[in-house]
Amino acid sequence: FANGGRAANIARARALLEQRAGVRWAATGQPVLREEGSPLRDTPIALADMLLASGQEQKGRRLLAAIIARMRQEMGTPEHPEIWYYFWHPIALALSGEGDAAIEMLQAWIASQFDLTAMLQLETEPSFAELRKDPRFQALMRQLRSRLDEQRRELDRLRAEGVVPDRSGNP
């Protein structure tokens, strides 16, 4: 993107994201999502975030609304278990201003104990900046820290008993 101005670079990046996301725009300005594919939708969500950040608020909000509507339609069906939605869809919900729904999905993710990498995402994801002020979000963080501390203590115990080899590099 070295050649051309900022606006041209943004337009090229948006076109590339649209292509990779499989997003088309109807004559009415409504987004049309690809029918097939994974429910993760990281690229369409990234496109919506980019649209919002570049001043194309209406287009970004329409895309988020389409993604979230699809998510709600699919989630929980036998082909699309809720667990598939834990990582990206709270971001879409937060970007769309649906903080309560984002926190509810994050709570379900943490309760599932499926993936403890949630801690890093919760601490660093820019879309959660406003949610970090919410006491429910802070409670999720405390819950994760507690669970991670508990697992660390258990690992240390197992190492001390010789059940698990110490590969931590600590003397």
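Numbers for residues simply follow the sequence, beginning at 1.
Looking at Leu158 and Glu154, their side chains come closer than 4.5 Å, going by heavy atoms from C-beta outward. Counting heavy atoms from C-beta on, the side chains of Leu33 and Leu63 come closer than 4.5 Å. The side-chain heavy atoms of Phe137 and Leu122, taken from C-beta on, include a pair separated by under 4.5 Å. Between Leu51 and Gln58, every side-chain heavy-atom pair lies at or beyond the 4.5 Å cut-off. Inter-residue side-chain proximity for Val23 and Val32 is flagged as unmet; no heavy-atom pair is nearer than 4.5 Å. Between Met71 and Ile68, some side-chain heavy-atom pair lies under the 4.5 Å cut-off. No side-chain heavy atom of Leu47 sits less than 4.5 Å from a side-chain heavy atom of Thr43.
By the side-chain contact (heavy atoms from CB on, under 4.5 Å) test, Thr77 is found to be paired with Glu79, His80, residues two or more places apart in sequence or in another chain being considered. Residues passing the side-chain contact (heavy atoms from CB on, under 4.5 Å) test with Thr28 are Ala26, Gln30, sequence neighbours excluded. Under the rule for a salt bridge (Lys or Arg N to Asp or Glu O under 4.0 Å), the partners of Arg14 that lie at least two apart in sequence or sit in another chain are Glu18. When the side-chain hydrogen bond (donor to acceptor under 3.5 Å, both in side chains) test is applied to Gln19, no partner is found at least two apart in sequence or on another chain. Listed by chain and residue number, nothing satisfies the salt bridge (Lys or Arg N to Asp or Glu O under 4.0 Å) test with Glu82 (two or more places apart in sequence, or in another chain). The salt bridge (Lys or Arg N to Asp or Glu O under 4.0 Å) check on Arg24 picks up nothing, with sequence neighbours excluded. In this structure, Ala15 has no side-chain contact (heavy atoms from CB on, under 4.5 Å) partners at least two apart in sequence or on a different chain. Legend: residues meeting side-chain contact (heavy atoms from CB on, under 4.5 Å) with Glu125, ordered by chain and number and at least two apart, are Ile91, Gln121, Ser127, Phe128, Arg132. In this structure Glu161 satisfies the salt bridge (Lys or Arg N to Asp or Glu O under 4.0 Å) test together with Arg157, sequence neighbours excluded. By the side-chain hydrogen bond (donor to acceptor under 3.5 Å, both in side chains) test, Glu57 pairs with Arg61, sequence neighbours left out.
In this structure a side-chain-to-backbone donor-acceptor pair under 3.5 Å is present from Arg147 to Ile110. Under the 3.5 Å distance criterion, the side-chain polar atoms of Ser146 are left unmatched by any main-chain donor or acceptor of Arg142.
To the nearest 0.5 Å, atom CG of residue Leu64 and atom CG of residue Asp49 are 8.0 Å apart. Taking CH2 from Trp25 and CZ from Arg62, the interatomic distance works out to 8.0 Å, rounded to the nearest 0.5 Å. Ile103 contributes atom CD1, which lies 11.0 Å from atom CG of Leu93 (distance to the nearest 0.5 angstrom). Here Asn9 contributes atom CG and Ser54 contributes atom OG; the two are 12.5 Å apart, rounded to the nearest 0.5 Å.
Aromatic ring pairs are classed by plane angle as parallel below 30°, tilted from 30° to 60° and perpendicular above 60°; the pair Phe87 and Trp109 is perpendicular.
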Applying side chain to side chain contact (heavy atoms under 4.5 Å, CB included), run through Arg153 and Glu150 and close with a yes or a no. CA-CA 5 Å; Arg153 284 190 300 275; Glu150 182 181 319; 3.8 Å; yes
Check step by step if side chain to side chain contact (heavy atoms under 4.5 Å, CB included) holds for His89 and Met75. CA-CA 11 Å; His89 289 288; Met75 193 168 43; over 6 Å; no
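Under the 4.5 Å side-chain heavy-atom criterion for Ile, Leu, Val, Met, Phe, Trp and Tyr, Leu144 and Leu155 are members of distinct hydrophobic clusters.
Closest approach of Ala102 and Ala94 over heavy atoms only: CB-N, 3.9 Å. Counting all heavy atoms, side chain and backbone alike, Ala92 lies closest to Ile45 at CB-CD1, 3.8 Å. Looking at every heavy atom in both residues, Ala66 comes nearest to Pro31 through CB-CG, 3.8 Å. Scanning both residues, Tyr85 and Pro90, for their nearest heavy atoms gives O-CD, 3.4 Å.
A salt bridge (Lys or Arg N to Asp or Glu O under 4.0 Å) check over residues 85-103, counting only residues at least two apart or in different chains, returns the pairs Arg72-Glu98, Asp100-Arg136.
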